[in-house]
Every structure is written in C-alpha cells, then in structure tokens.
Amino acid sequence: MSARRLSVDPLSAAGRLLGATLVGRGVSVMIVEVEAYGGPEGQPWPDAAAHSYRGVGGRNAVMFGPPGRLYTYRSHGIHVCANVVCATDGVAGAVLLRAVAIESGADVAQARRGESVRPAALGRGPGNLCSALGITMEDNGIDLFDGQSPIQVTLGGKRDGVAGPRVGVSKAADRPWRMWLAGRPEVSLYRRSPRAPAPGESD
DNA sequence: GGTAAGATCAGC
DNA sequence: CTGATCTTACCT
C-alpha cells in the first residue's frame with residue numbers, strides 16, 4: 001500500500017501530491033496546487049493556521065488518523081474543501097487540495113459547475129474543486145488508496161513544484177507551505193487573507 | 001447560552 | 001468589497 005508514501009511531514013507530502021492523479025465520480029484530474037497544514041503544539045509541526053491546532057475536536061479527527069485518507073470540512077457554511085491526510089496515526093498533518101487540471105470527464109465537471117465556467121477554472125479553488133469532483137461531507141474519512149473508494153489517488157508525476165505563502169489563512173500567513181506547478185493556468189492567483197497581519201509581523 | 005470568525009466564492 | 005450561510009470554539 002502506497003499510503004505509506006504519505007507517512008511524512010506535510011510539506012514533503014505536498015510535494016508528492018503535486019502532479020498526482022485523482023479519479024472518481026466520472027472525472028479524472030491532476031493535482032496542480034496544494035497547501036500543507038500541521039498540528040498542535042507538542043507535535044512535530046505546530047501550525048496555528050491548521051484546524052488540528054487546538055487538538056482533536058468534532059470535525060478534525062481524521063487529520064489525526066492514518067495517512068492516505070480524505071479529510072473534508074465545510075468552509076463558511078457553504079463550500080466543501082478536501083485534504084489528503086499525511087504523517088502517521090496519532091500525528092496531525094494534511095495537505096489541502098487547492099486546484100486541479102481536468103484530464104478527462106470535463107463534460108461531467110462542467111455540468112456540476114455550470115456551463116458558464118471557463119475550462120481552466122473548473123477545478124480552481126478548494127471549494128470549486130470539490131464541486132467539480134462531486135466531493136461532499138459524506139466522503140470525510142474515506143481511504144483514497146482503497147480500490148473500493150469513490151475517490152482514489154495515484155501518486156507519481158511531476159516534481160517541478162514551486163513554493164510560496166499560503167492563501168486565505170490569518171495565522172502563520174508567511175509560512176511558505178503552498179506549492180504549485182509553475183505555469184499552470186488552473187493555479188489560483190495568490191492573495192493574502194484580509195485578516196492576516198502585515199507581512200513579517202509576528203502573530 | 002451568545003457570539004464571532006473562518007484553509008471560500010461570485011457578483012457588484 | 002460585500003453577502004451568503006452554518007459550524008465550531010471560546011467566552012460569560
């Protein structure tokens with residue numbers, strides 16, 4: 001089982017997921033943009049921006065479980081976002097999927113997103129990506145390496161990733177834990193969270 | 001028991 | 001820039 005290849009720190013796992021293939025629900029995509037997230041103080045990668053920072057809670061239990069599972073959460077009460085869990089059982093770590101390039105099933109993705117959405121934007125953004133792939137909160141915790149799962153991942157692919165600061169977070173906003181494939185039109189434009197302190201400020 | 005903020009997105 | 005919409009965490 002190659003979920004073992006995700007038994008590493010979040011940034012390394014992010015690098016391994018870049019260029020990987022995700023298949024399920026009539027669509028096949030390549031991952032082109034991700035963000036790494038750590039865990040609480042006292043664990044290997046304390047990360048104030050992570051959902052797991054305050055310890056195991058209601059929604060984030062999957063983040064503390066074994067690698068290779070899907071961790072979904074609802075954002076702003078509206079969108080669903082998806083992470084791939086990394087590290088080891090008991091240690092929190094995950095990689096947020098931020099953008100994908102549709103390889104096949106673009107018609108299915110287009111139907112889910114709406115006919116007016118441009119092709120490069122079909123899988124751009126964490127919420128949009130889940131919409132395009134048909135991922136819902138029902139999928140929280142599924143094993144992406146299990147052939148029975150509705151969504152499955154295959155590692156291996158490009159390794160020419162570029163790193164920069166994370167998008168949307170108000171804490172630890174300067175940490176360069178976002179990675180993407182340079183030149184890909186599906187990658188979202190960087191914009192700092194309006195709630196984040198000025199660059200370089202401690203928080 | 002109340003409230004504010006949030007790993008977002010689309011439309012002005 | 002703002003509204004939509006709801007869950008969680010933290011406060012009194």
Side-chain angles (χ1 to χ4, degrees), chain A residues 6 9-11 13-15 17-18 22 31-41 43 45-65 69-87 92-100 102 109-141 144 161 163-180 185-197 199 203:
Chain A
L6 295 180
D9 66 277
L11 194 57
L17 284 163
L18 265 190
L22 213 54
I31 299 170
V32 300
E33 183 188 357
V34 296
E35 266 174 15
Y37 285 91
E41 301 288 344
Q43 289 210 342
W45 315 287
D47 183 2
H51 289 163
S52 50
Y53 187 62
R54 318 269 171 185
V56 179
R59 71 175 170 177
N60 64 12
V62 175
M63 263 189 91
F64 289 82
R69 306 244 281 250
L70 189 71
Y71 162 53
T72 58
Y73 68 92
R74 191 172 297 285
S75 177
H76 290 71
I78 300 180
H79 305 100
V80 174
C81 300
N83 297 246
V84 178
V85 176
C86 63
V95 177
L96 171 69
L97 305 179
R98 289 204 59 90
V100 298
I102 313 284
Q110 189 77 248
R112 290 194 179 117
R113 296 273 286 115
E115 295 301 324
S116 62
V117 179
R118 296 196 348 243
L122 281 174
R124 177 191 291 148
N128 292 337
L129 171 163
C130 286
S131 171
L133 287 174
I135 295 174
T136 70
M137 287 302 293
E138 302 286 299
D139 297 317
N140 191 34
L144 294 170
R166 294 184 287 194
V167 175
V169 299
S170 61
K171 313 241 179 203
D174 297 329
R175 189 181 298 193
W177 273 19
R178 169 177 174 245
M179 294 186 70
W180 65 94
E186 297 86 2
V187 174
S188 48
L189 296 175
Y190 172 66
R191 55 155 241 304
R192 167 170 283 255
S193 167
R195 295 177 294 278
D203 76 274

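From a predicted model like this one, the values you see are computed outputs, not experimental measurements. Below, chain A is the first sequence line, B the second, and so on; all start at residue 1.
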*asked:* Given dA7(B), dT8(B), dA4(C), identify the nucleotide with an atom nearest to the side chain of Ile78(A).
replied: dA4(C)
_Watson-Crick/G-U partner (both atom distances under 3.5 Å) of dG11(B)_ = dC1(C)
*Does dA5(B) have a Watson-Crick or wobble mate here (both distances under 3.5 Å), and if so which one?*
dT7(C)
According to the 5.5 Å centroid and 30° plane-angle thresholds, does [X] stack upon the nucleobase of [N]?
X: His79(A); N: dT8(B); answer: no
X: Tyr73(A); N: dA7(B); answer: no
X: His76(A); N: dA4(C); answer: no

*Output the distance between atom CD (Glu35(A)) and atom CZ (Arg166(A)), rounded to the nearest 0.5 Å.*
6.5 Å
*If only atom types and distance count, is the side chain of Arg112(A) paired as donor or acceptor with the main-chain N or O of Cys130(A) below 3.5 Å?*
no
_Integer angstrom distance from the P of dG3(C) to that of dA4(B)_ = 16 Å
Short side-chain N/O contact to [N] OP1/OP2 from [X], under 4.0 Å:
X: Arg54(A); N: dC10(C); value: yes
X: Arg113(A); N: dA10(B); value: yes
X: Asn128(A); N: dA10(B); value: yes

